[in-house]
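Note that the structure is a prediction, hence the values are computed from the model and not measured.
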Amino acid sequence: MRRHVKVLSYALPFICMLVAYAASFYSGSLWDDNVFIFKAKAITETSHPFVFFDYTSSNHRAWPLGYVFFWLLYRVFAENFIWYKLLNLLVHFLNFHLLRKFLFKFKIRNSFFISLLFLFHPLQVESVSWIFQLNTLLATTFVLLSFNLILQNKYKLSILFFIFSLLTKSYAVFAPFVFLLLFIPKYPIKRSILKSIPFFAISLIVGLLTIRGVLTSEKEGQLRDKFHTEKAQKIIKEETIVVVPSPEPIDEVEVVLTDTPTVATEQEIPLEESSAITEPVPTETSPTPKAEKTIVVVRDKKVIDLAALAHSKLQLMANSFVFYLHSFFIGSDHFLFYPMINESSNQNIYNMFIFFIIATTYVFFLFDPKYNKSKTFIIATLLFCSWLPISGIFYVPFMKFAHYSDHWAYLSTIPLSILLMSFIDAFISKFKLRAKMSSHMVGLIFVIPISYNLIKTIQYSSIFNDHEVMLRRNIVHNPENMFVRRYLAAKLHRNGETQYAIDELLKAQSIEPLNMEVKVQLDYYKEKLEKERE
């Protein structure tokens with residue numbers, strides 16, 4: 001009987017997952033699926049996949065192992081997109097199993113319900129339906145394997161899979177803090193620190209290599225600098241003293257800097273000595289200094305205002321953190337591209353306040369020996385560690401389009417699912433509902449948020465199936481995003497609707513009139529349309 005229950009506990013979630021994501025199976029490739037996989041020569045034409053590890057080559061990538069997987073998969077699936085999406089779905093279900101296994105070994109209550117919430121939350125739709133996000137799914141798979149192996153005391157294997165995770169996608173780069181907390185209950189503090197040092201060293205090395213990989217493109221380097229400093233620059237007046245020499249005199253005269261310039265004459269010789277002079281006696285004249293003029297030049301100079309930089313980063317982090325909390329716990333409409341942060345919005349004050357309360361509480365528990373070894377504190381640390389890489393402290397190339405995105409939250413949904421279900425469990429215990437209600441009714445309380453999120457996942461997955469509908473919906477929500485209009489134009493052009501593509505680019509040009517990428521794309525489509533009409 002118990003075996004049948006266990007089989008059902010996997011079979012029913014798997015069937016529900018297939019139903020939830022079925023609509024996105026036929027949606028084809030999305031955006032950078034083509035750029036990084038199907039139209040990338042490094043994937044389609046190179047003779048072996050190890051070029052991505054060559055840091056001296058132009059084929060080097062920030063996440064080399066992830067590209068190795070795509071290189072191998074392209075040889076198997078080619079451009080049969082449905083197989084990639086099915087693989088994403090299977091990896092997502094594998095993560096459900098690994099999370100359930102980790103929670104059970106870590107002795108966290110309601111592990112099945114927590115894993116279901118992770119499996120069905122609408123924040124996962126992008127990661128599962130977007131082919132290129134296989135690297136996100138696999139990186140999570142490897143880090144979950146690493147956590148499980150730590151609990152099984154398989155230290156060396158845990159390190160190996162952690163390396164695999166960072167080389168696939170380095171968004172678990174702060175996970176060593178979680179490993180340290182996992183070691184502390186099992187070993188003395190000094191030994192725990194020593195055992196965690198390899199994880200920190202690996203994170204540091206891979207993190208630096210990732211930054212180097214991102215900055216391989218000069219354009220990305222410029223965008224990174226703009227992202228970090230654009231809102232933290234101030235103009236100061238810089239005075240420079242410049243000494244300008246006067247022009248050389250034209251006449252062969254000695255110029256004296258007096259009010260009445262005089263001309264040098266022959267040296268006068270006394271009359272009584274004139275007869276002894278048979279040749280003119282040369283005279284020496286000291287060089288006369290050139291005229292000089294002092295000018296004070298005042299120039300505008302851009303400098304980094306450290307206070308403004310700190311405020312800008314803190315505001316970005318607060319908005320990002322509260323956005324993911326709101327998206328997970330309260331729920332909202334989901335989009336591929338969210339609007340950039342509006343600094344004049346009153347929402348910023350609210351976000352900053354919430355973030356300050358949560359961060360202060362975490363720091364308080366960090367220095368309290370009674371709480372900093374608890375499971376809740378370890379889960380809270382996992383939340384912060386999974387969020388920090390995409391918080392705005394570091395530049396992520398996607399941030400030139402939006403400051404936050406659903407697929408970044410894939411790993412963060414694990415601690416968020418644990419915290420939500422723990423809160424529900426505490427609510428049930430507080431009001432002693434287990435004594436007042438049947439076990440089925442108590443289970444129903446846990447099922448309610450899972451069912452709600454499953455419905456939201458089905459809705460968003462169906463929208464994700466039609467990329468044009470998804471982009472037009474995104475434009476309604478965020479009309480000032482020039483890139484969404486460019487992407488929609490490219491989609492319309494591929495569908496043969498070049499005139500509609502031109503109309504979208506004209507709207508994009510009205511948003512950013514000086515954008516050269518829009519101009520080049522617009523000119524290209526106009527030229528294509530003229531040839532079609534001929």
Side-chain angles (χ1 to χ4, degrees), residues 99 102-103 106-111 113-114 117-118 121 123 143 147 171-185 189 192-193 196 200 307 310-332 341 345-394 403-404 408-431 446 449:
L99 174 60
F102 169 74
L103 295 173
F106 200 45
K107 298 180 180 179
I108 292 182
R109 298 177 55 160
N110 309 304
S111 59
F113 293 121
I114 293 169
L117 184 57
F118 166 79
H121 201 281
L123 276 172
V143 81
F147 287 154
Y171 79 147
V173 71
F174 288 99
F177 291 101
V178 180
F179 287 109
L180 175 61
L181 293 176
L182 291 175
F183 287 135
I184 287 175
I189 185 65
S192 298
I193 293 173
S196 63
F200 282 101
H311 177 268
S312 174
K313 286 295 178 184
L314 190 60
Q315 186 67 73
L316 179 58
M317 292 171 65
N319 286 334
S320 170
F321 191 79
V322 175
F323 167 80
Y324 291 118
L325 289 182
H326 183 275
S327 296
F328 186 88
F329 290 112
I330 300 176
S332 58
I341 293 172
S345 172
N346 292 331
Q347 183 72 23
N348 289 342
I349 301 174
Y350 168 78
N351 292 345
M352 190 76 84
F353 175 75
I354 297 296
F355 180 70
F356 175 78
I357 294 296
I358 294 174
T360 304
T361 304
Y362 178 83
V363 172
F364 173 78
F365 287 136
L366 175 63
F367 293 101
D368 190 332
K370 183 180 177 181
Y371 294 103
N372 61 16
K373 296 179 183 178
S374 66
K375 294 175 183 177
T376 302
F377 183 79
I378 293 175
I379 298 306
T381 302
L382 177 59
L383 172 60
F384 278 103
C385 290
S386 61
W387 161 76
L388 276 173
I390 46 89
S391 64
I393 294 179
F394 307 101
H403 287 150
Y404 20 74
W408 287 340
Y410 187 80
L411 182 59
S412 298
T413 54
I414 292 175
L416 289 172
S417 298
I418 297 171
L419 293 173
L420 177 57
M421 288 302 175
S422 298
F423 174 79
I424 294 174
D425 185 71
F427 174 83
I428 292 172
S429 300
K430 174 70 174 178
F431 293 97
F446 289 100

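The list of side chain to side chain donor-acceptor pair (under 3.5 Å) pairs with a residue in residues 353-377, not counting sequence neighbours, reads Y362-T381.
What you find for Y404 and S320 is that their closest heavy atoms are CD2-CA, 3.9 Å. The shortest heavy-atom contact between L383 and P415 is CA-CG, 3.5 Å. For L388 against M317, the heavy-atom pair with the smallest separation is CD2-CE, 4.4 Å. In terms of heavy-atom proximity, I393 sits nearest to K313 at O-NZ, 3.9 Å. What you find for V178 and L382 is that their closest heavy atoms are CG2-CA, 3.7 Å.
A search for side-chain hydrogen bond (donor to acceptor under 3.5 Å, both in side chains) contacts involving Y171 returns T140, not counting sequence neighbours. Residues that satisfy the side-chain hydrogen bond (donor to acceptor under 3.5 Å, both in side chains) test with S412, not counting sequence neighbours, are S386. Contacts of S429 classified as side-chain hydrogen bond (donor to acceptor under 3.5 Å, both in side chains), with partners at least two apart in sequence or in another chain: R434. Applying the side-chain contact (heavy atoms from CB on, under 4.5 Å) rule to L314 yields the partners M352, F355; only residues at least two apart in sequence or on another chain are considered. Annotation: side-chain hydrogen bond (donor to acceptor under 3.5 Å, both in side chains) contacts of S417 (sequence neighbours excluded): none.
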Is there a side chain to side chain contact (heavy atoms under 4.5 Å, CB included) between L316 and S391? Walk through the geometry before answering. CA-CA 7 Å; L316 179 58; S391 64; over 6 Å; no
Between I414 and F102, does the side chain to side chain contact (heavy atoms under 4.5 Å, CB included) criterion hold? Intermediate values first, please. CA-CA 11 Å; I414 292 175; F102 169 74; over 6 Å; no
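Taking CG of N319 as the reference point, atom CG of N348 lies at 4.5 Å (rounded to 0.5 Å). Note that the CG atom of L181 and the OG atom of S196 stand 9.5 Å from one another [nearest 0.5 Å]. Within the model, atoms CH2 of W387 and CG of L416 stand 12.0 Å from one another, a figure rounded to the nearest 0.5 Å. Taking CZ of F106 as the start and CG of L99 as the end, the distance is 12.0 Å to the nearest 0.5 Å. Note: L123 CG to W408 CH2 = 13.5 Å, rounded to the nearest 0.5 Å. Between atom CD1 of residue I114 and atom CD1 of residue I379 there is a gap of 8.0 Å, rounded to the nearest 0.5 Å.
Between F384 and F321, the distance separating the two ring centers is shorter than 6.0 angstrom. Aromatic ring centres of F365 and F377 lie farther apart than the 6.0 Å criterion allows. Taking the six-membered ring for Trp and the full ring otherwise, the centers of F431 and F427 sit less than 6.0 Å from each other.
Within 6.0 Å of the CZ atom in F329, the count of heavy atoms belonging to other residues, nucleotides or ligands exceeds 12.
Checking side-chain atoms of H121 against main-chain N and O of F328 turns up a donor-acceptor pair under 3.5 Å.
When each of I418, L420, L419 is checked for a side chain to side chain contact (heavy atoms under 4.5 Å, CB included) with S422, only I418 meets the rule.
Side-chain contact check for Y350 versus I354: some heavy-atom pair is nearer than 4.5 Å.
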